[in-house]
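For reference, the structure is listed below as structure tokens.
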Amino acid sequence: MNDKRRVVVTGLGLVCAIGDNTKACWSSAINGVTGIREVLSVNTDNCYANKGAEVLIKSSELSEENYDRSSLLCIKAAGEAFADAGFAVTEDNSDRIGVIIGNCVGGAASIDKYFTDEIKGSGGDSSDILKMPASAIANNVAKHFGLNGTTANIVNACAAGTISLAYACDLIRAGKADAFAAGGSDSFSSLAFAGFHALHALDENACAPLNHNSGITLGEGAGILILESYEHAKARGAKIYCDVLGSGVSSDAYHITAPRPDGQGQMLATTRAVRKSGLDFNDIDYVNAHGTGTAKNDDAEFLSVHTLFDGNDHLSVSSTKSMTGHCLGAAGSIEAVLTVKAVCEDIVPPTIGYNEEDLVRLKDKAGAIDFVPNTRREKPVNYAVSNSFAFGGNNASIVFAKNPREIPDHTNKDRIFVTGIGELLGEPRCEIESDDYKEHGIKMAFWRKLDRFSQLQLISGMRALADANITVSDENSSDIGIIIGTADGPMTEIVNFQKNVIENGTANGSAFSFPNTVYNAAGGYFSIFAGIKGYNATNANGAQAGLQSLCYAADVIRNGDESIMVASGTDENTDVTEYLYGRLGLVHEKLRKGLGEGSVSLILENENSANARGAKKYAELAGWASAHRAVEFGTLKGSESALKAAVEEACKAAGISPKDVEMVCGFADGNETVDGIERSVYAEIFGNIPVIQLKHETGESRAAASTEQAAHAAKMIAEGRYGCVLAASFGVGGSYSAVVLKSV
């Protein structure tokens, strides 16, 4: 048994509509107690549905911090998880404990409050603006607990909570952390309720997943798991709930809101998770289904389960959303906590809501598989799968095991190269003409569906694929993945949708614009158009998320999940963006060139794939690292040590010393604190070294500027101007990423 690859669960934290702690939630779940009731926090006048699964705790009772409700729910769950794990965070261990949180649309409650105050009151409070972006959530959790390890906000809608767990496990196995507080959080909001209402996707009654299929019931909450390397847990004498084995992430490449009817994307994610666990489908005892309650989702999942598991005579499948509601970005992690409990207690929670007629229909649909209607099952649960599927066609599965087992090691130690670059940058805005999308065969009918954020991403992504001479086909579509980094995501769509709801009522949300309010819509549209079916994740973590996307993508390749990755940084600049940044005093007064926008995509490819294709190689991505120092979101002061750690770790990973670096692509933007941190750290590490500040030319295009630093470095290396270049970037809240690029 290779204990170095073991990842274990040592702590659980849970808050949702069926309980304010794990014990209470588990008792409700196995006894079929629902948390679905009439909505209290959102005005449902003139709405055809008024059911929800809300947490009956006021935000002011969750924590004293002035954070958005999504952060506060997360902090409550994380506090329980750390206490359950007996984990004391100290200065000595905090650098090796990270935070990865899944979320759907960020600080939705704060967005609602700010613009309600602005439209109907005396003006919005500018302090609420820093609560709006999803980038704040993991940073707030890190600040609250003093955690200084890698920090990320995975924003892949309803698959985000599961992807956050998968990413955390991969980083632990790669030796980049000892432990993570990982999971997801989302609050009940008028934005989400109005959006699903506009799509006519809400059930008038309590949702009936895997049953009536007449719609979802929205919920809220947070689920946090403390994930640790086995060696770290053993050294501190921690109790161990279970092992986390394999995970799988995939894309449907089909539709922005509907799943593929043939279930192929779902099956790819589950197959990857089971195979990476060293298991067969017959080994699985329980599947916690995504089970939303909509006809299209449930039909596709029934097909997926039957296709993969028919012949397994001991499988149980249930949807706990029948009690918790659909908690969006928190759904996967809430269900993961309940799945861990199922493994530990040998009890499968039921899907509730079946009457006698329903049971007759279920028998025909279920076949030999036990879908656990109404009443729990007490049975051995040695291996369990938790599934999450999302808008954008994102799919994720993860496997939990009662006992340890040897899992396959697919680590790919090939060198990784930049083989394609796609750039679209502008200050203050990019000039996009019809030729920019027509050159890639993008039809106007498709283009018009996209918001600005998605349009920028699609162009740069297609330019990068074209530059790398990659044609996506049925043969290679699942060998290619996507990681998108962003600071602000589709904030324009989010704000405009929310303002319409405030002015015209919850019943009058826009069905056209709602799908574009989720952060992962850009990655979804890109995968749909390009036909990419592999790993797909979006990380919202400040401006440095563009470089962090390269780190994440390189980790996916190194982990053996994909051969080729599109790594992007994308942020828009619109009237909404300029207004919000202006209210914070960050437009023009402190920036040398003001806000910009754009999207920059790099193709990362392992050596075997690049050589087989005869690909051109701009540069080798030789080393990469992300680091964090817990400071208040919106600030950087006091986080200098994280930049130093990211730079030094990237150099170490590249097998070089700082003296081998010939030039730095920096991130200074005219802000005194930002510039001062960069100057002092580079002087300490490198001494007198040339530093190029690209934002002086491109403006502050945030994640796009961050990725452009790596693109510019790769091009200079390919031109023979330098042999080794470092690029580094920052994110407000104390996150930094650095990459080392070398000549081929």
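This one's a predicted model, so the numbers in the text were calculated from it and none came from an experiment.
Remark: Tyr354 pairs with no residue by the ring-ring contact (aromatic ring centres under 6.0 Å, His included) rule, at least two apart or across chains. Considering only residues two or more places apart in sequence or on other chains, Tyr437 meets the ring-ring contact (aromatic ring centres under 6.0 Å, His included) condition with Trp447. Evaluation of the side-chain contact (heavy atoms from CB on, under 4.5 Å) rule for Ser304 yields Gln266, Met267 as partners, not counting sequence neighbours. For Phe302, the ring-ring contact (aromatic ring centres under 6.0 Å, His included) criterion is met by Phe371, not counting sequence neighbours. Partners of Phe196 according to the ring-ring contact (aromatic ring centres under 6.0 Å, His included) rule, which considers only residues two or more places apart in sequence or in another chain, are Phe391, Phe514.
Side-chain contact check for Thr217 and Asp203: no donor-acceptor pair (N or O, by modelled atom type) lies under 3.5 Å. A donor atom on one side chain and an acceptor atom on the other are not found under 3.5 Å apart for Asn153 and Asn539. Between the side chains of Ser319 and Ser322, no donor N or O sits under 3.5 Å from an acceptor N or O. Residues Asn516 and Ser513 bring no donor and acceptor atom of their side chains to less than 3.5 Å of each other. Side-chain polar atoms of Ser251 and Asn536 form a donor-acceptor pair below 3.5 angstrom. Under the 3.5 Å distance criterion, with hydrogens and angles disregarded, no donor-acceptor pair is assigned to the side chains of Lys131 and Asn140. Side chains of Ser190 and Asp112: a donor on one and an acceptor on the other come within 3.5 Å. A donor and an acceptor atom, one from each side chain of Asp571 and Thr486, are located under 3.5 Å apart. Neither side chain, Asn541 nor Ser135, offers a donor N or O lying under 3.5 Å from an acceptor on the other. If you check the side chains of Ser63 and Glu65, you find a donor sitting under 3.5 Å from an acceptor. Using a 3.5 Å distance cut-off with no hydrogens or angles, the side chains of Ser59 and Arg69 do pair a donor with an acceptor. Looking only at atom types and distance, the side chain of Glu335 has no donor-acceptor partner in the side chain of Ser386 under 3.5 Å away. Between the side chains of Thr292 and Thr294, at least one donor-acceptor pair of N or O atoms lies under 3.5 Å. The closest side-chain donor-acceptor pair between Gln457 and Thr570 falls under 3.5 angstrom.
Among residue pairs with one or both ends in residues 18-41, none qualify as salt bridge (charged side-chain N to carboxylate O under 4.0 Å, His left out); sequence neighbours excluded.
The closest donor-acceptor contact from the side chain of Asp298 to the backbone of Leu210 lies under 3.5 Å. Asp488 places no side-chain N or O within 3.5 Å of a backbone atom of Met491 that could act as its donor or acceptor partner. Listed for the Glu597 side chain is a donor-acceptor partner under 3.5 Å among the backbone atoms of Asn573. In this structure, the side chain of Asp252 does not engage the main chain of Lys533 through any donor-acceptor pair within 3.5 Å. Using a distance-only test at 3.5 Å, with no hydrogens or angles considered, a donor-acceptor pair links the side chain of Asn355 to the main chain of Glu357. For Glu54 (side chain) and Ser41 (main-chain N/O), a donor-acceptor pair under 3.5 Å exists by modelled atom type. Asn139 places no side-chain N or O within 3.5 Å of a backbone atom of Glu632 that could act as its donor or acceptor partner. Under the 3.5 Å distance criterion, the side-chain polar atoms of Thr506 are matched with a main-chain donor or acceptor of Asn43. Counting only distance, with no hydrogens or angles, the side chain of Ser164 and the backbone of Gly161 share a donor-acceptor pair below 3.5 Å. Checking side-chain atoms of Asn508 against main-chain N and O of Asn504 turns up a donor-acceptor pair under 3.5 Å.
Taken to the nearest 0.5 Å, the OG atom of Ser568 stands 6.0 Å off from the CZ atom of Phe526. Once rounded to the nearest 0.5 Å, the distance linking CD1 of Ile163 with CG of Asn156 reads 4.0 Å. With values rounded to the nearest 0.5 angstrom, Asn21 atom CG is found 11.5 Å from Leu12 atom CG. To the nearest 0.5 Å, atom OH of residue Tyr67 and atom SG of residue Cys74 are 12.0 Å apart. To the nearest 0.5 Å, the span separating CD1 on Ile334 from CG on Asn288 amounts to 11.0 Å. Distance check: Asn520 CG to Ile154 CD1 gives 11.0 Å after rounding to the nearest 0.5 Å.
In this structure the side chain of Val33 never reaches within 4.5 angstrom of the side chain of Ile18, judged on heavy atoms. Using a 4.5 Å heavy-atom cutoff, the side chains of Thr34 and Thr324 are not in contact. At least one side-chain heavy atom of Lys76 sits less than 4.5 Å from a side-chain heavy atom of Ile57. Side-chain atoms of Leu225 and Leu165, non-hydrogen and from C-beta on, do get closer than 4.5 Å to each other. By the 4.5 Å heavy-atom criterion applied to side chains, Ile224 and Ser333 are not counted as neighbours. Taking 4.5 Å as the limit, some side-chain heavy atom of Phe446 sits within range of a side-chain heavy atom of Ile528. In this structure the side chain of Cys104 never reaches within 4.5 angstrom of the side chain of Val155, judged on heavy atoms. Between Ile432 and Arg452, some side-chain heavy-atom pair lies under the 4.5 Å cut-off.
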Original post:
Does the pair His255 and Thr257 meet the rule for a side-chain contact (heavy atoms from CB on, under 4.5 Å), with working shown?
Top reply: CA-CA 6 Å; His255 191 273; Thr257 59; 3.1 Å; yes
**OP:** Please report the C-alpha distance between Ile216 and Leu218 in whole Å, then the side-chain angles of each, then the deciding distance to 0.1 Å, and finally whether the side-chain contact (heavy atoms from CB on, under 4.5 Å) criterion is met.
**Re:** CA-CA 6 Å; Ile216 71 171; Leu218 280 175; 3.9 Å; yes
**OP:** Please report the C-alpha distance between Ile502 and Gln498 in whole Å, then the side-chain angles of each, then the deciding distance to 0.1 Å, and finally whether the side-chain contact (heavy atoms from CB on, under 4.5 Å) criterion is met.
**Re:** CA-CA 6 Å; Ile502 294 168; Gln498 183 70 70; 3.9 Å; yes
**OP:** Test Asn297 against Asp299 for side-chain contact (heavy atoms from CB on, under 4.5 Å), laying out the working first.
**Re:** CA-CA 6 Å; Asn297 278 281; Asp299 286 349; over 6 Å; no
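Taking the centre of each ring, His200 and Tyr48 come in below the 6.0 Å mark.
Between Glu356 and Arg361 there is no salt bridge, since no side-chain N of the basic residue sits under 4.0 Å from a carboxylate O of the acidic one.
Scanning all heavy atoms of the two residues, the minimum distance from Asn103 to Asp186 falls at ND2-OD1, 3.1 Å. When every heavy atom of Gly332 is checked against every heavy atom of Ser388, the shortest pair comes out as CA-OG, 3.4 Å.
The local environment of NZ in Lys363 is sparse, with at most 12 non-hydrogen atoms from other residues, nucleotides or ligands closer than 6.0 Å. Within 6.0 Å of atom CG in Asp364, more than 12 heavy atoms from other residues, nucleotides or ligands are found, so the atom counts as buried in its surroundings.
Applying salt bridge (Lys or Arg N to Asp or Glu O under 4.0 Å) to Lys113 and the options Asp68, Asp128, Asp125 leaves one that passes, Asp128.
Within the cation-pi definition used here (under 6.0 Å to the ring centroid, within 45° of the axis), Arg702 qualifies as a partner of Tyr581.
Between His290 and His326, the ring-plane angle classifies as perpendicular under the 30° and 60° cut-offs.
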